[in-house]
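First up is the structure itself, then whatever we jot down about it.
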Amino acid sequence: MTTVVLDFETVSQCDLKAAGSWRYAQDPSTAVLCLCWTVDDAAAEHWLPGQPEPKWPLGATFVAHNANFEKAIWRHIMVPEYGWADIPNSKWHDTMAMCAMRTVPQSLDMAVKALDLPAEKDNTGSKLTIGLSKIDKKTGMMPDPAPVLPRVVEYCNDDVYAQRGLHNRLGWLPPGERDVWLLDQRINERGIRLDVPLVRAMQTIVEKAKTPLAHEFRQITGLNMTQIAKVGDWVKSRGVYLPDMQAETLANALGESPDRDPIDDLETEPEPMPDDVRRALLIRQQIGSAAIKKLDSAQACVMFDGRARGLQQYHGAGPGRWTGRILQPHNFPRNRLKEDDEAPAIEPLIHALMTEDPDYVEMVYGPAVAAVVSSLRHIIVAGSGRALVAGDFAGIEARLTLALAGEHSKTALMAAGADVYCDMAESIYKRPINKKNDPEERQIGKNSVLGLGFQMGARKFRLKYAKKHPLEFCEEVVRAYRQDWAPGVKDVWYALGNAAIKTVWDKSPHEAYGVAYALEDRWLTARLPSGRKLWYMDPQPTREAMPWDETDIRRAFTYKAVKNKQRVTVKAFGGLLTENVAQAMARDLLTEAMFKCEKENLPVVFTVHDEIVCEPFSGQADPLMLRDIMRDIPQWAKAIGVPVEAECWAGDRYRK
DNA sequence: CGGCAATGCGCC
DNA sequence: AAACGGCGCATTGCCG
């Protein structure tokens, strides 16, 4: 098979980072500087605008790093402006997807370095090319690319060689993942319809509501609201101690926490607070949300047809989950507005926001910016003639973990629809618990079931879920989970940990709980019950002191991963490996359901880890159909006995 | 001014 | 007996 490795260089006044590849390619100011490519092992060639279309080898596969970009340029510029033939998705391959799957850094430069391939990033060429998209400050005009074009081609050639080296080193996606990637491409090209007039109205409201409050904040503190550290210092200087400026901390400090029990816990009673501090914190709480920046993101990436594309990154996270980009549908704030203890009806809320009148919004829904933040999800809508149908797997990672651990009495409870959070709470409190009379106890039970499956300890549990309880209580919660409620789970941690450690130390494969660890090339792989593999790069045998006893030194291992765009060494431990497996199995259930949705006229527009959002024709918007699809699990999942439940809904706007 | 690291904050 | 999560983006603050 002939392989063409290619790379475009372009100029534009559109901000690629903010807009994403698809919107960028559609921008009228975007133009191609050059296209460079190699055919198999031959030397690089290049094409410049004005030259005839190159003769592409018949049936070639086109390989690019972040093929989304090359595809977008090809479809939005080469096809309509230069009359080139389209290349279908089935003829594209993405080295970035390959890096993602193998947990190699996704940036070309870092990937090449991590794999010790012989290529250096041409920083000068990169800067020169980027500079062609920026207004020249001396002339006030866009620079003329012509004089530097040979240098740009040289830079582009280097990138093509780097990409080819990467491709030769990593090869192709395995067949199953190839299908997932092709589905990913379809979803990213389909895009998400945004309600642009609503986005504008929200921005107007935020602007109007924010200005006087931001001014008042500055009057009181002399600071900018976003200078969190300095605001913290100021608060402290006024005699109030706050560990951070997080929404929850502020709510507690301002005495708004509904579940607080002041008699029980005098220590955390909100301190009497000077009026200016109270007012400043109230303002910060009302308008300090960073999430409203999503409105700017939405404007920047939405295309001429009202849809935003390229919002999901294939295999962005180690266990295979998608990650969000640009608008990032993965972290929309949840709706915190309450009307009679329920989320308010959506359409009246949208109507109120569309008035662009913050006073009216405030009168009906409380502080206007908070109302906007709570409504952000609703900017995602169904296209015309269509509806949204969405569903999420209920507590899927906890269910998978319990099933894997053979805790069949617990999975049977779940399958029967019992309230396992109350069941867990009964193990903790050793008395009958019900949802109505013991909401706090049930919440502790819920956090335990969802949080303690991956070796979280008492300290962390307290920090995350139970700040108001003493450490001793959290120790008892952890003990109850590990000893009484689901004792099989800790066995999974130790078994997976030991199997992986033995594999790395003895360089021979070891299996536990249906997860088969082996060494392949520079990776430790974990074959899951679904047949898919997880990849851990550059595993190193180490010896580690145990956290509970520094004289207790045991075999362990580390591997390399990317965090915050940095390559870091990660210490493996059983709980982490178990979490990876649970996340990965949940992802496999998700993709399985996504394929079925596509077949059943429920085109997928995005997913959020355990949630699928589809956009069928209005007449086919049947949440029960989606529920059936999501509950229809593959054989491997049936074999471990995981009880799967999905909560589904249909509507015109995205919600939670 | 741009690049980079650290931090905060939102979700699953 | 027994431990650490996974992400992306915005902002700040420091550096050259």
Report which part of the nucleic acid [X] touches: base, sugar-phosphate, or nothing (heavy-atom distance under 4.0 Å, all strands).
| X | result |
| --- | --- |
| A/Phe454 | nothing |
| A/Asp552 | base |
| A/Arg377 | sugar-phosphate |

Between [atom2] on [N] and [atom1] on [X], what's the gap in Å once rounded to a whole number?
| X | N | atom1 | atom2 | result |
| --- | --- | --- | --- | --- |
| A/Glu544 | C/dA2 | CD | C1' | 15 Å |
| A/Asn498 | C/dA2 | CG | P | 17 Å |
| A/Arg482 | C/dA2 | CZ | P | 6 Å |

According to side chain to side chain contact (heavy atoms under 4.5 Å, CB included), who are the partners of [X], at least two apart in sequence or on a separate chain?
| X | value |
| --- | --- |
| A/Lys134 | A/Ile130 |
| A/Tyr421 | A/Asp419, A/Arg442, A/Lys446, A/Val449, A/Leu450 |
| A/Gln203 | A/Val199, A/Leu295, A/Asp296, A/Gln299 |
| A/Asp491 | A/Tyr513 |

With sequence neighbours left out, what residues match A/Gln443 under side-chain hydrogen bond (donor to acceptor under 3.5 Å, both in side chains)?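 A/Gln443 satisfies side-chain hydrogen bond (donor to acceptor under 3.5 Å, both in side chains) with A/Asn447 once adjacent residues are dropped.
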Mind checking what makes ring pair (Phe, Tyr, Trp, His ring centres under 6.0 Å) contact with A/Tyr494, not counting sequence neighbours?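 None.
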Inset, instruction - Could I get the full list of ring pair (Phe, Tyr, Trp, His ring centres under 6.0 Å) partners for A/Trp322, not counting sequence neighbours? - result: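 Per chain and number, A/Trp322 pairs via ring pair (Phe, Tyr, Trp, His ring centres under 6.0 Å) with no residue.
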Give me the first and last nucleotide of DNA chain B, going 5' to 3', that has any atom under 4.0 Å from a heavy atom of chain A.
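The protein-touched segment is B/dA5 to B/dC12.
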>> In this structure, which stretches of DNA chain C are paired as stems of three or more consecutive Watson-Crick or G-U pairs, both distances less than 3.5 Å?
In response: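 Listed by first number, the stems are B:1-12 with C:5-16.
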Note to self: For a side chain to side chain contact (heavy atoms under 4.5 Å, CB included) check, start with the C-alpha distance between A/Leu353 and A/His378, then their side-chain angles and the critical distance, and finish with the verdict.
What the structure shows: CA-CA 11 Å; A/Leu353 294 167; A/His378 306 328; over 6 Å; no
Can you give the donor-acceptor pairs under 3.5 Å from side chains of residues 451-461 of chain A to other protein atoms, not counting sequence neighbours?
from: A/Gln455; atom 1: OE1; to: A/Gly575; atom 2: N; distance (Å): 2.6

Check: Can you tell me how far CZ of A/Phe606 sits from CD1 of A/Ile380, rounded to the nearest 0.5 angstrom?
Finding: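 Going from CD1 on A/Ile380 over to CZ on A/Phe606, the span is 4.0 Å.
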Contact string for nucleotides 5-10 of chain C, one letter per nucleotide 5' to 3', B = base within protein heavy-atom range under 4.0 Å, S = sugar-phosphate only, - = neither, reads BBSBSS
> Can you pull the salt bridge (Lys or Arg N to Asp or Glu O under 4.0 Å) pairs that have at least one residue in residues 312-333 of chain A, sequence neighbours excluded?
Replying inline: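 The answer is A/Arg321-A/Glu397.
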